[in-house]
Amino acid sequence: MSAEVFYDDDADLSLIQGRKVAVLGYGSQGHAHALSLRDSGVDVRVGLPEGSKSRAKAEEQGLRVLSPAEASAEADVIMILAPDTAQRSLYAESVEPHLTAGKALFFGHGLNIRYGFITPPADVDVAMVAPKGPGHLVRRQFVDGKGVPCLVAVEQDATGNAFALALAYAAGIGGTRAGAIKTTFKEETETDLFGEQAVLCGGASALVQTGFEVLTEAGYAPEIAYFECLHELKLIVDLMYEGGIARMRYSVSDTAEYGDYSRGPRVVDARVKEEMKKILAEIQSGEFAREWIAEDDAGRPNFTKLREQGAAHPIEETGQKLRSMMSWVDRPITETA
Ligand SMILES: NC(=O)C1=CN([C@@H]2O[C@H](COP(=O)(O)OP(=O)(O)OC[C@H]3O[C@@H](n4cnc5c(N)ncnc54)[C@H](OP(=O)(O)O)[C@@H]3O)[C@@H](O)[C@H]2O)C=CC1
Ligand SMILES: CC[C@](O)(C(C)=O)C(=O)O
Ligand SMILES: [Mg+2]
Ligand SMILES: [Mg+2]
């Protein structure tokens, strides 16, 4: 069944313009939400801890910055855009004490609600507005008069108005210009985790590294292997992004297209699909979320080791050398605000 999609005409921006909004966090998503809501005529304050390096930036960009507790006390709509692992303690220490009846608690991703790390009181609205793109793109599109599609979900509708309020918030950041897709916290969280683990981050990184290893172990130059297994992936993904897998297959040579059909399914075979199903089951049961939060609580020992191992993979050294030969790549992500 297709999802319901809502546009500007379905949203009443005045609902959010009439509320005091606190945006907790000023990173990728936080800066885009706070600035765009302000530009949409919403009364916004940003909540950041005293030592946060984002404080100066938010103030320079003309926003009022308070502590998370002060911002939560003032606001009647509180959007949590701190890192997922920081949200539990942020909520317990700074939000919960000020979450009085009728207020609304918003999220940009459903992990903490879906797995019960945060349990808001029954008399507040709980909703999600999750742009399907990084915050810098969300902000750039908004400034250009466009928008990034976003997901909108309601977990708890205490006031009877939670969905309309979430849609108004989505309109305030440009989301309903492109389309706001109705979902649930369960669907957003489980599919987001599956996508990043099995395909977008985990699957793609492992595929690239393994292809690079196979070529270099067979004696081919790492520079050539880098181009074939990593650099050109962008060209292929750009084609898919613009017109789906069919467009990519139309644009590559017939030789590549035949290799795709006849060899691809041997790489991602039935065993890989079974493993993907196991990964999905770990997400659905909460096993992954519990493991990740316990890892974070323990100071991230395994995460740190894996991060170091990833950074030490030979493809990184080769890539650094090759990217320095290409003036148009390796640019820092630029701020757009
Ligand atoms: N990045 C993305 O593309 C997307 C992210 N999301 C979701 O949005 C949420 C935010 O992610 P993202 O924008 O990437 O996060 P970032 O890591 O980019 O930014 C986090 C921000 O939160 C601040 N922060 C850290 N701890 C606290 C705290 N205890 N109280 C208040 N603020 C704090 C950080 O401050 P400092 O600068 O001092 O560290 C920083 O400003 C997450 O739930 C994520 O899943 C959803 C869709 C896409
Ligand atoms: C794909 C990674 C992501 O899920 C995202 C930007 O959507 C994330 O958690 O960063
Ligand atoms: Mg995602
Ligand atoms: Mg994610």
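Start at 1 and go down the list; that is how both ligands and their atoms are numbered.
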Between [Y] and [X], is there a salt bridge with N-O shorter than 4.0 Å?
X    : Y    : result
K277 : E274 : yes
E223 : K321 : yes
K278 : E275 : yes

Query raised in the report: Is any heavy atom of the protein nearer than 4.0 Å to atom 6 (C) of ligand 2?
Result: no
Query raised in the report: Are any of the protein's heavy atoms under 4.0 angstrom from atom 10 (O) of ligand 2, yes or no?
Result: no
Query raised in the report: Aromatic ring centroids of F212 and Y226 under 6.0 Å?
Result: no
Query raised in the report: F6 and F163: aromatic ring centres closer than 6.0 Å?
Result: yes
Query raised in the report: For atom 41 (O) of ligand 1, which candidate among G51, S54, G135 provides the closest heavy atom?
Result: S54
Query raised in the report: Taking heavy atoms and a distance under 4.0 Å, where does K132 meet ligand 1: side chain, backbone, both or neither?
Result: neither
Query raised in the report: Of the backbone atoms (N, CA, C, O) and the side-chain heavy atoms from C-beta on, which set of P131 has a member under 4.0 Å from an atom of ligand 1: side chain, backbone, both, or neither?
Result: backbone
Query raised in the report: Does E196, backbone or side chain, put an N or O under 3.5 Å from an N or O of ligand 2?
Result: yes
Nearest protein heavy atom to [atom], by residue and atom, and its distance?
atom                    : result
atom 23 (C) of ligand 1 : G25 CA, 3.9 Å
atom 4 (C) of ligand 1  : Q29 NE2, 3.4 Å
atom 10 (C) of ligand 1 : L81 O, 3.3 Å
atom 17 (O) of ligand 1 : P83 CG, 4.1 Å

Query raised in the report: Hey, which N, O or S atom on D192 ends up closest to the Mg ion (ligand 3)?
Result: OD1
Query raised in the report: Is A130 near ligand 1, meaning one of its heavy atoms is under 4.0 Å from it?
Result: no
Requested in this report: Measure the distances from the heavy atoms of R55 to every atom of ligand 1 and state whether one is below 4.0 angstrom.
Outcome: no
Query raised in the report: Is there side-chain contact between L151 and M128, with at least one heavy-atom pair below 4.5 Å?
Result: no
Query raised in the report: Cut-off 3.5 Å, side chains only: do E213 and H313 have a donor facing an acceptor?
Result: yes
Query raised in the report: Quick one: is the NZ or CZ of R290 closer than 6.0 Å to the six-membered ring centre of F117, and within 45° of its axis?
Result: no
Requested in this report: Indicate if the distance from the Mg ion (ligand 3) to the nearest N, O or S atom of E196 falls below 2.8 Å.
Outcome: no
Query raised in the report: Checking E295 side chain against N302 main chain: does a donor-acceptor pair fall under 3.5 Å?
Result: yes
**Report entry** Per-atom contacts, ligand 2 versus D192 - under 4.0 Å to a heavy atom
**Finding:** 4 (O), 7 (O)
